[in-house]
Amino acid sequence: MDKNSAKKLRMQCEKSLAVQFERLDKIALYNQKKVLDAFKNQSVQARHMCGTTGYGYDDIGRDTLCNLYANIFNAQGAIVSPSIVSGTHALTLMLFGVLRPNDKLLAVSGMPYDTLTDVILAENKGSLKDFGISFEHIELKTGNNQTSLFDFEAIEKKLKAEKIKAIFAARSRGYSLRQAISVEQIAELITFVKRISPSTLVLIDNCYGEFVETIEPTDVGADLMAGSLIKNIGGGIAPTGGYVAGRKDLVEQVSYRLTAPSLGMEEGSYAYGYLPYYQGLFFAPSTVKNALKGSLLFAKAYTELGFDTLPKPDMYPYDIVTSIKLGSAEKLIDFCGAIQSISPIDSNVKPMPWDMPGYQEQVIMAAGTFVQGSSVELSADSPIKEPYIAYIQGGVTYEHAVLALEHTLEAL
């Protein structure tokens, strides 16, 4: 497609998405007020930006940041730490924090994301399995337009047949062609589980889901949820880190896993200061809105060209990811190459498939980002396997997404 045709298609798509974009503007405004109110409630001041060294006793910046997240998430407590290296690490802390030998974990949104496979099932690596924690999963059912539905019949059967310590569900799709899960669906799951087995914990992988809606899983009763600061909630500014939020007693258990049972969150310094974490959080509602608009724009344009995408352009997006079924390894590699070449960092680099740690197949990743691996910045990735789906996410500015879309259309 030539440059003029790509621009014309993009402009037509923007016009048809006007109602969707207006809805996203309203969600961002609501969430921005929620974040601003939390900053005011916690009396955030310049001194909270300063770093500490050594043990980090009485680190007011750390403690206030944790309280700020708890306030925004309507949670009893939260851990927010630069020491959490990724979303996988945050989820691992959540699982190890509350599960004990002979407990059973049941995933109800299919197999968890690839990088959690070894965390749960590997042998002789210190996995859940090594500690005598058993695991099963239940696949999602597919509704109209490839929407994702919990298999409540199968869940009920498991809950009544044996003691399940915790239910685990991931909002985002991972590397599967399915719609992300809404908070309304999470609420339905929690009500269903607690009615049958009140003591069973509900743990949520909230990666890619923060600020996509006006409520979060903890607003509807999730016992714990976890996520990454280099995704939505870091606003494209946080340089690293992750969070766990939810019930106070469970958050405390997780803190013992992050540091030590004698320490919890009483210690933990960060010499570089917390400014990017506070600032990133403040910008996050607007950043997520831009990413969502870009996501829908990609979905609309590629749907018009006959590709199978999720979300569909007329769907509500429940994460910042768009899946595009490209149909061949060559197109997938070319697509990721086009995204890399329109990036601000390493635009001269050609991404190629490689054996990435934690994944079962070779993975290609286009991520010319300021923060390494930041997927709230515009990026694209995928395992090299049929049906060769490109997963594109992020976009700190909507304008970057516009330019990237036109560039991929020209390149393919």
Side-chain angles (χ1 to χ4, degrees), residues 27-84 87 90 93 206-207 209-219 224-248 251-252 254-255 258-259 263-291 370-371 374 376-377 396:
I27 291 173
L29 180 60
Y30 181 94
N31 286 326
Q32 189 68 71
K33 184 178 186 304
K34 179 167 63 174
V35 169
L36 180 58
D37 286 346
F39 269 76
K40 293 167 66 178
N41 290 341
Q42 295 301 318
S43 299
V44 176
Q45 300 167 27
R47 64 191 177 98
H48 296 137
M49 309 298 124
C50 298
T52 57
T53 59
Y55 297 120
Y57 292 136
D58 300 319
D59 186 331
I60 190 66
R62 177 198 66 211
D63 294 342
T64 302
L65 187 61
C66 292
N67 292 336
L68 188 58
Y69 268 65
N71 194 163
I72 290 166
F73 285 144
N74 193 24
Q76 293 178 358
I79 295 169
V80 186
S81 176
S83 298
I84 300 175
L93 289 168
N206 204 36
C207 290
E210 300 91 352
F211 297 141
V212 170
E213 302 180 67
T214 57
I215 54 175
E216 304 289 340
T218 41
D219 283 302
L224 282 178
M225 66 181 186
S228 167
L229 303 192
I230 61 170
K231 296 184 175 66
N232 299 25
I233 202 158
I237 297 175
T240 186
Y243 73 88
V244 179
R247 266 174 46 186
K248 185 176 181 179
V251 169
E252 188 174 15
V254 173
S255 76
L258 176 62
T259 57
L263 305 179
M265 288 300 288
E266 297 298 319
E267 293 187 9
S269 64
Y270 189 64
Y272 302 102
Y274 297 100
L275 188 149
Y277 299 97
Y278 284 96
Q279 189 174 28
L281 175 60
F282 184 77
F283 279 112
S286 180
T287 300
V288 171
K289 175 193 70 176
N290 291 336
F370 290 94
V371 174
S374 172
V376 74
E377 299 181 58
V396 174

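Scope of the values below: all heavy atoms of this structure, side chains included, with no hydrogens, waters or symmetry mates.
- Side-chain contact between Phe370 and Val396 is absent, with no heavy atoms from C-beta onward closer than 4.5 Å.
- With a 4.5 Å cut-off on side-chain heavy atoms, Glu377 and Val371 count as touching.
- When atom types are taken as modelled, the side chain of Arg62 and the backbone of Thr52 share no donor-acceptor pair closer than 3.5 angstrom.
- No more than 12 heavy atoms of other residues, nucleotides or ligands shown are found within 6.0 angstrom of CZ on Phe283.
- Smallest separation of non-hydrogen atoms from Met225 and Glu216: CE-CB, 4.1 Å.
- Between Met265 and Ser255 the shortest heavy-atom distance is CG-CB, 3.6 Å.
- Asn41 contributes atom CG, which lies 9.5 Å from atom CG of Leu36 (distance to the nearest 0.5 angstrom).
- Considering only heavy atoms from C-beta on, Tyr272 stays 4.5 Å or farther from Thr240 through its side chain.
- Annotation for Leu229 and Ala238: closest pair O-CB, 3.6 Å, computed over non-hydrogen atoms.
- Between Tyr274 and Tyr278, the two ring planes are perpendicular [angle over 60°; tilted spans 30° to 60°].
- Once rounded to the nearest 0.5 Å, the distance linking CD1 of Ile72 with CG of Asp219 reads 11.5 Å.
- A donor-acceptor contact shorter than 3.5 Å is absent between the side chain of Tyr277 and the backbone of Pro82.
- Looking only at side-chain heavy atoms (C-beta outward), Val80 and Leu281 stay at 4.5 Å or farther from each other.
- With rounding to the nearest 0.5 angstrom, the OG1 atom of Thr214 is 11.5 Å from the CG atom of Leu29.
- When the salt bridge (Lys or Arg N to Asp or Glu O under 4.0 Å) test is applied to Lys33, the partners found at least two apart in sequence or on another chain are Asp37.
- Side-chain contact check for Tyr243 and Asn206: at least one donor-acceptor pair (N or O, by modelled atom type) lies under 3.5 Å.
- Partner of His48 under the side chain to side chain contact (heavy atoms under 4.5 Å, CB included) criterion, chosen from Leu68, Leu65, Ile60: Ile60.
- Closest of all the heavy-atom pairs between Ala245 and Phe73 is CB-CD1, 3.8 Å.
- Scanning for ring-ring contact (aromatic ring centres under 6.0 Å, His included) contacts around Phe211 gives an empty result, with sequence neighbours left out.
- Taking all atoms of both residues into account, the shortest heavy-atom contact from Cys66 to Ile79 is SG-CA, 4.0 Å.
- No donor-acceptor distance shorter than 3.5 angstrom exists from the side chain of Thr218 to the backbone of Asn74, with no hydrogens or angles considered.
- To the nearest 0.5 Å, atoms CD (Glu267) and CG (Asp58) are separated by 10.5 Å.
- A donor-acceptor pair under 3.5 Å links the side-chain atoms of Thr259 to the main chain of Gly264, judged by distance alone.
- In this structure, CD1 in Ile215 is found 8.5 Å from NZ in Lys34, a value given to the nearest 0.5 Å.
- Here the shortest heavy-atom pairing between Glu213 and Asn31 reads O-ND2, 3.0 Å.
- With values rounded to the nearest 0.5 angstrom, Lys231 atom NZ is found 15.5 Å from Thr287 atom OG1.
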